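Notes to accompany the following structure.
What you see below is based on every heavy atom in this structure, not just the backbone, and it leaves out hydrogens, waters and symmetry mates. Since the structure is predicted, the reported quantities are computational estimates derived from the model, not experimental observations.
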Amino acid sequence: MKCPYCGYSESRVIDSRPAEEGATIRRRRECLACSKRFTTYEIIERLPLVVIKRDGSRQTFDKVKLINGMVRACEKRPVALPDLERIADDIEQELQSNLEREISTTEIGEMVMDRLKDVDEVAYVRFASVYRSFKDINTFMEELTKLLKQKEK
């Protein structure tokens, strides 16, 4: 690591500790030439995830969009934002650990619905109604019937 003061390329690590909830490592370093101290951060390099939309277009995965969609489904429901952030983090982690770099919105939507079903059934139905594009009341009733059958089991 190059010293920001003198440019010397050798330094020693004085202290290391996790930062940002373990997502990065903060290192305190000392330059071996000028003895000045500086801080560096080490982060995991993540490969970009590409989302394939229904129309075939491709976009970079955006966790904020995922959270916003869940927030809309959970409007006026007793679901805390940290719960939705945790779901989004879980989904992002699962996608990152998958070897595929491209994923369809269909797969992401199914992942969201699986998790929302456990958090709030009304939010699940709201999300499903938009995601699955319910065309009429019969399609809506079919989804409700499936949900009730699963709940009985």
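Note that CZ of R72 and CZ of F127 are 9.0 Å apart. Values are rounded to the nearest 0.5 Å. Separation of atoms CZ (R86) and CD (Q93) is listed at 14.0 Å; rounding is to 0.5 Å. Atom OG1 in T105 sits 9.5 Å away from atom CD1 in I103 (nearest 0.5 Å). Between I52 atom CD1 and E107 atom CD the span is 8.5 Å, to the nearest 0.5 Å. The distance from the CG atom of D15 to the CZ atom of R28 is 9.0 Å, given to the nearest 0.5 Å. Rounding to the nearest 0.5 angstrom, the gap separating the OG atom in S35 from the CZ atom in R12 is 8.5 Å.
Within the 4.5 Å cutoff, side-chain heavy atoms of L49 are placed close to those of R101. Proximity of V71 to L81: side-chain heavy atoms (C-beta onward) are separated by under 4.5 Å at one or more points. In this structure, R126 and E75 have side chains that are in contact, with non-hydrogen atoms separated by less than 4.5 Å. Between V51 and K65, the closest side-chain pair of non-hydrogen atoms is not below 4.5 Å. With contacts defined as side-chain heavy-atom distances shorter than 4.5 Å, the pair I67/I87 does not qualify.
Across C34 and Y5, no two heavy atoms sit closer than the pair SG-CB, 4.4 Å. Looking at every heavy atom in both residues, L116 comes nearest to A123 through CD1-O, 4.1 Å. Annotation for D120 and V122: closest pair OD1-N, 3.1 Å, computed over non-hydrogen atoms. Closest non-hydrogen pair, S11 versus R29, comes out as OG-NH1, 3.4 Å. The two atoms that bring C6 and C3 nearest to each other are N-SG, 3.4 Å, heavy atoms only.
Criterion: ILVMFWY side-chain heavy atoms under 4.5 Å apart, direct or through other members. Under it, V112 and F61 are part of a common hydrophobic cluster.
Checking side-chain atoms of T24 against main-chain N and O of A19 turns up a donor-acceptor pair under 3.5 Å. Between the side chain of R37 and the backbone N or O of I14, no donor-acceptor pair lies under 3.5 Å.
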Kindly indicate, with the supporting measurements, whether the criterion side chain to side chain contact (heavy atoms under 4.5 Å, CB included) is fulfilled by R27 and M1.
-> CA-CA 11 Å; R27 297 197 193 281; M1 180 63 58; over 6 Å; no
Please lay out, stage by stage, how M111 and L95 fare under the test side chain to side chain contact (heavy atoms under 4.5 Å, CB included).
-> CA-CA 10 Å; M111 293 168 85; L95 294 174; 3.9 Å; yes
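For K63, the side-chain hydrogen bond (donor to acceptor under 3.5 Å, both in side chains) partners are D89, E92, not counting sequence neighbours.
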